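From a predicted model like this one, the values you see are computed outputs, not experimental measurements. Just so we're on the same page: letters track the sequence lines, and every chain starts at 1.
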There are 2 protein chains.
Amino acid sequence: MTPHKNDKSSRTTGRPTLNEVARLAGVSPITASRALRGVSSVATELVEKVQKAAQELNYVVNSAARALASAQSQSVVVLVPSLSNLLFIETLEAIHQVLRPKGFEVLIGNYHYSRDEEENLLRNYMTYQPRGLLLTGFDRTESARRMIEANNIPCVYMMDLDPGAGLNCVGFSQLNAGETAAQHLISRGRKHLAYVGAQLDQRTLLRGEGFRRALQEAGLYNPDLELLTPRPSSVGLGGELFLQLMQSQPQVDAIFFGNDDLAQGALLEAMRCGIKVPEQVAVLGFNDLPSSEHMVPRLSSISTPREAIGRRAAEQMLTLLAGNSVAEPVVDMGFELRVREST
Amino acid sequence: MTPHKNDKSSRTTGRPTLNEVARLAGVSPITASRALRGVSSVATELVEKVQKAAQELNYVVNSAARALASAQSQSVVVLVPSLSNLLFIETLEAIHQVLRPKGFEVLIGNYHYSRDEEENLLRNYMTYQPRGLLLTGFDRTESARRMIEANNIPCVYMMDLDPGAGLNCVGFSQLNAGETAAQHLISRGRKHLAYVGAQLDQRTLLRGEGFRRALQEAGLYNPDLELLTPRPSSVGLGGELFLQLMQSQPQVDAIFFGNDDLAQGALLEAMRCGIKVPEQVAVLGFNDLPSSEHMVPRLSSISTPREAIGRRAAEQMLTLLAGNSVAEPVVDMGFELRVREST
DNA sequence: TTGTATGCGTTATCAT
DNA sequence: ATGATAACGCATACAA
């Protein structure tokens, strides 16, 4: 009828807007908006009309417009140091399962164990005005720390426990885990215990620290039996490091690996070399990846509740987003020693 | 000076806006906008002023406002069937590495091998007006298909090759891969060849199909030697299926597994049972995961170029986003048989 | 090279 | 219960 009213500049996407839905339904745009959002005060009759119109036009909201108008996004940013580690995938999945049903969008960032990359991701994701932040550990740049504070955005820290206080965190004591590893190996009568770690993120270091402390207490600590490398953790690397260690320190009779993939590599390499596990050397892993219990021999490991951590952290986020403060800001999810055949 | 001009309704986030940056820099908002975006026609002197002002105020753009005003987001949606499979992680990483430097945001969706979930993700992500879509394979709901078409949004399909034509796709022939597997095993003199697959997505099925065809041509096909299950692929499952197959069909002398984790599980279980690989039974995997070459015996596998696929698909997306059509719409990245010790 | 006017699609506010 | 008006923060179009 009035084609000139439909003049759209070339910038528009051509997708139907709320206005068009409203017109088709014979209501005002705001009523259409309310109807579609399920806001209470709309006559059921109108709701139906609007829904029909929306369906007919194949209408989908424009998130950008919605976010701008409401000054609120529905996104929660999750930053993890790696995706090649199944560990964090499980955590991410759990977070999704909690947040998605509540209407939140999960934005995933992988910073490859780089503090600078994490800072960049953070800066970038801030432009989306996320509602909340789920971060891994406490080791980050000063800038990153300031950004988080300055934006005053709800934040939950995962995987480790806050040594200070006041931060919402869900995890377990990496230090204790290292101690537990040492105690187990010592209880097996081992005397020459080694720690092998890769990646060298703060949590790996912390586990090594706990391990060392326990050895020192037992009078068994030997600095030559610590093998650390910044290279990314992998099965292949585990085999390499195992060989290197056994050749340079043949007296070693127990090894705690900072990650299961390293331990798995060691098991395979041991088999190739004819080194008996656990007779000659006990092998203990960390994280208890799904495949570990199927190794030959079955790998003893410290099982970490990464799925539960994700779930719980997401739930904390939910209460923070609801404007409440969490009752228990630091929650220790613990870990579990799984003794199998390799120790 | 004029505090009433700063009256903000309670909806605002309180974050500095382009207006405030412009005021501080003593220029108009649009000049500030241009300066920050690096648009050519701004005096370098002003650019500096604006940047200083922005830094001082800790300004970050509001992505929602930008997207709304420009009627364009900078996001590209990538949908994968799984994250627990290292395979897709590597593809995602490659995509990131191509797209991020060009200023694109990568939105990751995991649909857990569920067509319905993929459709939901698609519907949801459409509200973000993404610039492009990177999808996995061709097997999706009719609704999903229509959404993609209706929105007329650049789309690149990964992992498989379009049996029809006209779609931009980067992958390799899953069918050929299955055939190659069979031919290799046959060339080793094996007579009783089995196919074991899990997950049963279209590509797994396609590989089985290719395998079967090759066996039929060689007159070696035996339907009892196909073991398929919809359960998710894992090392543990591989061991189970291996045992089951060897017990019910002891004559089997070669097995092609649809996934390396299954094959790895088989290798471990074989060792436990004292079944000699490859003497009694040859084991061939698929995908060549990083750990496969470290197995005992080292796993023969078909190596798939998932990283290259991601990179290439992202590059195609880039040219599509630039408004050009790609010279080579269907690109076959091939695959490579890696013969090691297990066959 | 810079600025003015205007609009993006939606929702908050306040009336009715 | 519904609607008119304005605003969210930024970028496009066009003018100067």
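Contact annotation: B/Tyr59 side-chain N/O to D/dC10 OP1/OP2 distance is under 4.0 Å. For the pair B/Arg37 and D/dT12, the criterion of a side-chain N or O lying under 4.0 Å from OP1 or OP2 is met.
Remark: B/Glu307 pairs with B/Arg311 by the salt bridge (Lys or Arg N to Asp or Glu O under 4.0 Å) rule, at least two apart or across chains. Judged as a salt bridge (Lys or Arg N to Asp or Glu O under 4.0 Å), and not counting sequence neighbours, A/Asp116 has no contacts. For A/Ser63, the side-chain hydrogen bond (donor to acceptor under 3.5 Å, both in side chains) partners two or more places apart in sequence, or in a different chain, are B/Thr127. With sequence neighbours excluded, the residues satisfying side-chain hydrogen bond (donor to acceptor under 3.5 Å, both in side chains) with A/Arg306 are A/Glu90, A/Thr304. By the salt bridge (Lys or Arg N to Asp or Glu O under 4.0 Å) test, A/Glu142 is found to be paired with A/Arg145, residues two or more places apart in sequence or in another chain being considered.
Using a 4.0 Å cut-off on heavy atoms, the residues of residues 28-35 of chain B that approach DNA chain D are B/Ile30, B/Ser33, listed by number. Listed by residue number, the members of residues 42-50 of chain B with any heavy atom below 4.0 angstrom from DNA chain C are B/Val42, B/Ala43, B/Leu46.
Look at CZ on B/Arg66: it is 18 Å from C1' on C/dG9, rounded to the nearest Å. The distance from atom CG of A/Leu36 to atom P of C/dG9 is 16 Å, rounded to the nearest whole Å. We find that CZ of A/Arg15 is positioned 13 Å from C1' of C/dC8, with the value rounded to whole Å.
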Donor-acceptor pairs are to be reported for all side-chain atoms of residues 94-111 of chain A against protein atoms at under 3.5 Å, with residues two or more places apart or in another chain.
residue	atom	partner	partner atom	Å
A/Asn110	OD1	A/His112	N	2.9
A/Asn110	ND2	A/His112	NE2	3.4
A/Asn110	ND2	B/Glu93	OE2	2.9

List the atom pairs, with distances to 0.1 Å, where a side-chain N or O of residues 25-37 of chain B and a protein N or O form a donor-acceptor pair under 3.5 Å, not counting sequence neighbours.
residue	atom	partner	partner atom	Å
B/Ser28	OG	B/Thr31	N	3.3
B/Ser28	OG	B/Thr31	OG1	3.1
B/Ser33	OG	B/Arg37	NE	3.2
B/Ser33	OG	B/Arg37	NH2	3.0
B/Arg37	NE	B/Ser33	O	3.4

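Across D/dA11, C/dT10, C/dT11, the shortest atom-to-atom separation from the side chain of A/Ala65 is found for C/dT10. The listed nucleotides are C/dA12, D/dC10, C/dG9; the one nearest the side chain of A/Leu68 is C/dG9.
Contacts classified as ring pair (Phe, Tyr, Trp, His ring centres under 6.0 Å) and involving residues 131-152 of chain A (residues at least two apart or in different chains) are given here: A/Phe138-A/Tyr157. Annotation: ring pair (Phe, Tyr, Trp, His ring centres under 6.0 Å) contacts involving residues 15-34 of chain A, sequence neighbours excluded, are absent.
Where the helix from C/dT1-D/dA16 to C/dT16-D/dA1 starts and where it ends, the local axes point in directions that differ by 30°; five pairs per end, rounded to 10°.
The closest side-chain donor-acceptor pair between B/Ser75 and B/Ser73 falls under 3.5 angstrom.
Closest approach of B/Leu122 to B/Ala144, counting heavy atoms only: CD2-CB, 3.9 Å.
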